[in-house]
Amino acid sequence: MKMIYGVKDRPKAGRLILFALQQLLAILAATITVPIVVNANNPEAHMSISAALFGAGVGTLVYLLFTKFRSPVFLGSSFAFLNSMVAAFAGATTATLGYLGILLGAVFAGLIYVIIAVVVKFAGVKWIDKIMPAVVIGPTVAIIGLSLAGSAIGQLAGGVKDAVTGAYTMDVHGILCVICGLVTLATTVACSVYGKKMLKMIPFVMGILAGYVMAAIFTAFSYIPGAESMRIIDFEYYFNVKNIEWYPDFAFIKLFDGDYGDKSLIGAYIGTIAVAYIPVAFVTFAEHLADHKNISSIIETDLLKEPGLTRTLLGDGVGSIAGAIFGGCPNTTYGESVGCVAISGNASVITIFVTACMAVVCAFIGPFVAFLSSIPQCVMGGVCVALYGFIAVSGLKMIQKVDLGDNRNLFTVSVILITGVGGMALQFGKVTVTAIAAALILGIVTNLLVNIGGKKKDGNEQLVMEEVADGAAGVAVEPEAENVSAEEAADSVDAPAEE
């Protein structure tokens, strides 16, 4: 896949704002969902949506600084730490640290990244290539997309699902939600495939706008007596002055509001927080590797070598701590951001930088936050069908050169796909090993076991990713090499970005 804008390219100001808005919309749903879920489980938490958005922006800026502005990745609120965050508010009548516990947990998790970064600094990354070759990392990336499929369809279909049949309820409201989601998806696909110039590069913006307009039209009819089921957007709630967050309620400020209970139990509680957060950090480390392998294959530059895994880990770890200080939510690299880069053909790091700045600024613009929050789930579901699907396909493309006629490779890929799609998440007390992490671990173990004492028939599969990256680097042509600017290249694109 050729990027219309490379990592170092700088789009014109007007386009840059549109591209940044598209990135913001792509990561929005997941970023604000984390505080919503925590609040639903712990009403006393009162986590701020705008603060989470601010924290994601700050965390991304920290990541970009550590990676020397060479990795086009956005950090957002991590779902992996949901149970850990809920645990921080548990036991309110005994020993609870509340927001102090959340921030301590984020520090614990971030320090794990720092420790692993130090190990990588001295031991290098070859051990990673050995235990996670293309035959392992490819299907794992695919699982990241496939594991989100249910979420995307649930959003698109209105979310009312029969517990027995698994079918979504198609009443009037459900049908209208599906229509809005499909309009969003169709507009996104049409702009990406048939769009000219700018339309081709902002398919998500156009898709979301089209879906939002359709939802607004249905909502307008809902005010007719008896047509309440047509209401897709609750304008009265989101744009009520009393419900608008006019400024972020930062997590570190709430430290001073906590009642930390029996001080003699705080030591034990800190231990509980450590147990809840530290193991999850190893899980997100695996996802960090998968996301960076994925984006590396898309932009045809091995980010584990340049700027290097040490820098990406430090950026992710410290960025996660910074994000939690403001928003309360530890951050992680976002597959939605990676998918947006792939589909739009825009890998410009400046776009990610402006997106992060936009998130920080928008956190203080109450009406804009209200507008973002009012985007219907069905509309975001339509976008996510394309985003998550693209992540899955990107993973499958990584194993194109893997010989699946060799049973050793076949078993490795099979184990990862089935355990991942089957959702084999494991619960150990307050620690949850996600299905993605479990699939990756089993894939690594399987790959090592089936290759004990032998070599691959068609060469060392551990070098496949390096060969692909090196080969791509050797043939990739930057716009400058042809004396054509990135802007001219973008203007001249009439065919789909994907080869």
Side-chain angles (χ1 to χ4, degrees), residues 21-22 24-37 39-40 43 47-50 52-53 148-191 202-246 336 362 365-388:
L21 177 61
Q22 178 169 252
L24 187 65
L25 292 173
I27 59 89
L28 175 70
T31 297
I32 68 175
T33 295
V34 173
I36 290 174
V37 172
N39 289 339
M47 297 197 75
S48 168
I49 291 176
S50 57
L53 189 63
L148 295 168
S151 172
I153 299 303
Q155 290 177 314
L156 186 148
V160 182
K161 186 176 183 179
D162 188 281
V164 178
T165 65
Y168 289 93
T169 301
M170 285 294 101
D171 54 11
V172 173
H173 182 81
I175 292 174
L176 297 183
C177 284
V178 170
I179 291 174
C180 292
L182 292 180
V183 166
T184 302
L185 176 60
T187 305
T188 300
V189 173
C191 289
I202 56 170
F204 298 120
V205 172
M206 301 308 298
I208 290 173
L209 287 177
Y212 195 96
V213 169
M214 180 63 69
I217 292 173
F218 288 145
T219 299
F221 285 103
S222 73
Y223 291 98
I224 298 175
E228 290 79 7
S229 59
M230 297 183 68
R231 188 162 303 169
I232 308 297
I233 306 173
D234 191 348
F235 289 110
E236 295 178 359
Y237 172 80
Y238 287 110
F239 294 98
N240 187 318
V241 175
K242 296 180 180 179
N243 295 329
I244 293 178
E245 287 190 29
W246 295 99
E336 290 89 340
C362 288
I365 304 176
F368 186 71
V369 173
F371 166 72
L372 295 179
S373 301
S374 72
I375 297 176
Q377 291 288 313
C378 56
V379 171
M380 293 308 300
V383 167
C384 288
V385 167
L387 278 175
Y388 299 158

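Atoms considered below: every heavy atom in the structure, side chains included; atoms not considered: hydrogens, waters and symmetry mates.
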Is the closest side-chain heavy-atom distance between I375 and L25 below 4.5 Å?
yes
Partners passing ring pair (Phe, Tyr, Trp, His ring centres under 6.0 Å) against Y212 (at least two apart in sequence or in another chain)
F371
Separation between CZ (R231) and CD (E236), nearest 0.5 Å, reads 6.0 Å
Please report the interatomic distance OG(S229) to CZ(F218), rounded to the nearest 0.5 Å.
11.0 Å
Got more than 12 heavy atoms from elsewhere within 6.0 Å of OH, Y237?
no
Minimum side-chain heavy-atom gap L53-L24 below 4.5 Å:
yes
Could you tell me the separation between the CG atom of L176 and the CE atom of M170, rounded to the nearest 0.5 Å?
9.5 Å
Assess, by modelled atom type and distance only, whether the side chains of Y223 and E228 contain a donor and an acceptor separated by less than 3.5 Å.
no
Side chain to side chain contact (heavy atoms under 4.5 Å, CB included), that's the test. Do I208 and M380 meet it? Break it down for me.
CA-CA 7 Å; I208 290 173; M380 293 308 300; 4.1 Å; yes
How close do G207 and T184 get, heavy atom to heavy atom, and via which atoms?
O-CG2, 3.3 Å
With rounding to the nearest 0.5 angstrom, report the CG to OG distance, L28 to S373.
7.0 Å
Not counting sequence neighbours, which residues clear side-chain hydrogen bond (donor to acceptor under 3.5 Å, both in side chains) with E245? List them please.
S48, S50
Looking at T219 and I233, would you say the former's side chain and the latter's main chain have a donor-acceptor pair under 3.5 Å?
yes
About how many Å separate OH of Y238 and CG of N243, when rounded to the nearest 0.5 Å?
10.0 Å
Separation between CD1 (I202) and CG (L21), nearest 0.5 Å, reads 9.0 Å
Here the pair of heavy atoms bringing A26 nearest to E336 is O-CB, 3.5 Å
As a test of understanding, state which of T188, L182, V189, L185 forms a side chain to side chain contact (heavy atoms under 4.5 Å, CB included) with V385.
L185
For F221, I'd like to know if atom CZ has over 12 heavy atoms of other residues, nucleotides or ligands within 6.0 Å.
no
Set of side chain to side chain contact (heavy atoms under 4.5 Å, CB included) partners for C378, sequence neighbours left out
C177, C180, I232, P376
